[in-house]
Amino acid sequence: MQLPELARALERAAQALGAGDELEVRLERPKDVGHGDLATNLAMLIAGRLGRVPRELAEELLGALDLPALHIEHAEVAGPGFLNFRISRDYLRDQLREICRADQDYGRSSWGVGHLFNVEFVSANPTGPLHVGHGRGAAVGDAIARLLEFTGHKVQREFYVNDAGAQIDKLIDSVHARYRQLQGHEESIPEGGYHGVYVTELASQLRAEQSNRLDGEWGSPERQLVRRYTLQRMQDEQREDMRAFRVEFDEFRTESSVYESGQIEATLAELQARGLIYQREGAQWLRTTTFGDDKDRVLVKSDGSCTYFLPDIAYHRDKAQRGFEVAIDVWGADHHGYVPRMKAAMDALGLGRDFFEAVIVQLVRVERSGEEVKFSKRAGEFVTLTDLIEEVGTDVTRYFFLERGPQQQMVFDLDLAKERSEKNPVYKVQYAHARLRSVYRRGGIDPTQIELDIDLSPLVQPEALELTKTLLDFPDTVAAAARSREPHRVTAYLDGLANQLNSWYHMGTRNHALRVLGQEEHVTKARLVLARAAEVVVRNGLWLLGIEAPERM
RNA sequence: GCGCCCGUAGCUCAAUCGGACAGAGCACUGGGCUUCGGACCCAGGGGUUGGGGGUUCGAAUCCUCCCGGGCGCGCCA
């Protein structure tokens with residue numbers, strides 16, 4: 001909750017006391033309701049600079065404020081020098097109308113100028129189905145994209161397809177081995193190959209469709225055929241998996257297209273022109289140490305082929321050339337060591353240190369009955385994202401992935417995920433929404449027609465006012481989540497909101513005079529405005545997470 | 001060995017760029033209730049925030065040193 005006029009007035013008052021120009025007045029909502037609705041530590045911040053006692057300064061700041069004009073009905077100095085403000089109840093209640101009017105736009109903001117972001121996530125090798133780790137990356141990436149869109153930016157969701165690497169060759173070898181087995185030959189999956197059942201399925205389908213061409217030895221043309229077929233199949237399946245998870249990409253960019261476009265050479269030439277490439281032991285190195293990396297990196301190996309790093313630089317350079325101002329990559333924790341060199345490379349290209357950002361997502365451990373459910377791609381038994389979605393649903397899966405900070409290692413508790421009660425936080429939040437919708441239905445009310453220009457003074461219960469204040473925190477929460485690339489702040493907010501909302505609602509089950517419906521008309525009307533505002537916030541919050549706000553459950 | 005991330009209630013996790021008394025859920029204990037949706041409600045116990053030291057009016061948060069865990073340290077991808 002913010003009161004910009006109050007913040008500005010405090011800033012002017014502080015400057016008048018000689019605190020200087022570089023002030024950022026922050027008003028925060030105290031955890032303890034006894035400390036008022038908003039508080040600031042401004043006096044303590046400037047006390048050191050001015051060599052004064054914080055509490056005295058706080059008194060002077062307070063004296064400089066025209067409280068009624070700022071919608072403050074009470075203010076005091078407290079503790080070591082906090083200024084606590086109590087906002088006029090009428091002003092608070094007025095804000096409920098604004099929430100309802102803004103409806104699906106409530107919580108939107110436009111910090112910054114509306115930048116163009118590229119958010120790249122999942123980017124799995126096209127060598128098999130997506131697993132739970134990809135799911136977490138997808139949930140986080142998509143939520144970050146939604147947060148950025150909601151805060152005034154333009155966002156492209158992108159998936160990078162590593163279709164040119166050695167992993168594909170291993171997959172083709174594995175398919176070949178399975179194919180031979182189907183023909184009755186003794187054959188085993190090569191070292192480092194893929195054992196999943198889908199490999200056998202691929203081989204079997206290929207045999208059914210192309211046996212006239214593939215039953216003999218596989219030369220170059222045959223391998224090309226299998227490669228194209230396999231890549232297409234894997235990409236289609238991954239795209240379908242993502243669609244089921246409610247994630248739609250704007251762009252699938254392939255590594256091979258980076259090679260074909262000539263950008264590899266162009267990138268290398270640009271780095272050379274900048275004098276950042278040198279030869280050593282027959283290889284070409286990039287001076288990443290100049291830009292904070294701990295060692296220089298090879299771009300072109302002594303055998304003339306390039307490392308994985310070079311096309312990756314070229315690809316990210318291309319993002320800048322396509323007009324993106326910030327490129328955010330969501331990476332698994334196993335790639336975190338790669339971050340400094342990529343930042344260094346972008347810096348080397350003159351794109352600055354802030355062009356490239358990595359969001360590191362920690363690994364997921366799945367448990368059932370307290371036991372880890374193993375997933376090992378190599379052994380061929382792994383929990384695919386699709387398995388997980390089929391078992392617990394997209395909403396639950398997304399919520400669980402977005403419940404913890406990206407850097408937090410997480411345990412995915414399958415038993416809790418399958419729980420269909422308020423023990424399960426997802427249901428708690430969705431249920432809060434469904435309840436409000438249910439109130440409208442029961443009352444025969446069209447929620448879009450709820451009257452707003454009415455007297456809201458019947459909203460006097462502390463629970464109702466606390467709820468109102470929480471609703472007013474939503475835009476700040478969203479902005480902070482977007483800025484820090486931490487969608488879990490929204491999840492945590494919704495969890496707290498749902499608790500408040502549910503207990504507000506339950507007051508009515510204990511005391512019917514506190515229900516929305518069945519009161520004197522002016523009371524019901526006022527409570528409907530609060531209910532509507534709450535519904536708007538829950539709905540918008542869930543939208544940011546990519547989770548449905550159900551009409552009924 | 002070096003680097004990054006993490007360590008918060010028995011368990012899984014929060015904690016508003018350093019704020020006031022560290023919060024939820026699960027589990028546990030004790031009450032209550034039959035629905036404006038009971039797919040429950042209320043209350044309670046539970047913590048030296050891994051440990052020591054430091055900075056600060058104030059530290060879970062910042063610095064430092066230990067302990068414990070994860071990941072990474074190729075002319076692999």
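Every chain is numbered from 1, with letters handed out A, B, ... down the list of sequences.
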**Prompt:** In terms of the angle between their ring planes, are A:Tyr493 and A:Phe474 parallel, tilted or perpendicular, with boundaries placed at 30° and 60°?
**Reply:** tilted
**A:Phe309 and A:Tyr338 aromatic ring geometry - parallel, tilted or perpendicular at 30°/60° bounds** = perpendicular
**Message:** Can you build the contact string for nucleotides 16-22 of chain B? Use B for base contact, S for sugar-phosphate-only contact, and - for no protein heavy atom under 4.0 Å.
**Reply:** BB-BBB-
**Request:** Report, as a single string ordered 5' to 3', how protein heavy atoms within less than 4.0 Å touch nucleotides 39-49 of chain B: B base, S sugar-phosphate only, - not at all.
**Result:** BSSS-------
Nearest of [options] to any side-chain atom of [X]?
{"X": "A:His336", "options": "B:rG72, B:rC5, B:rC75", "result": "B:rG72"}
{"X": "A:His488", "options": "B:rA15, B:rC5, B:rG37", "result": "B:rA15"}
{"X": "A:Thr307", "options": "B:rG72, B:rA77, B:rG25", "result": "B:rA77"}
{"X": "A:Leu363", "options": "B:rC71, B:rC5, B:rG7", "result": "B:rC71"}
{"X": "A:Gln407", "options": "B:rC6, B:rC71, B:rA77", "result": "B:rC6"}

**Asked** Does A:Phe356 have its ring centroid less than 6.0 Å away from the ring centroid of A:His316?
**Response** yes
**Message:** Taking atom types as they are modelled, would you say the side chain of A:His335 forms a donor-acceptor pair with the base of B:rG72 within the 3.5 Å cutoff?
**Reply:** no
**Message:** Under 4.0 Å, counting only non-hydrogen atoms across every strand here, what does A:Arg437 touch: a base, just sugar-phosphate, or nothing?
**Reply:** nothing
**Request:** Report yes or no: does A:Ser123 contribute a side-chain atom to a donor-acceptor pair with the main-chain N or O of A:Tyr160 at less than 3.5 Å?
**Result:** yes
**Asked** Do you know which of A:Glu28, A:Gln2, A:Met1 makes side chain to side chain contact (heavy atoms under 4.5 Å, CB included) with A:Asp473?
**Response** A:Met1
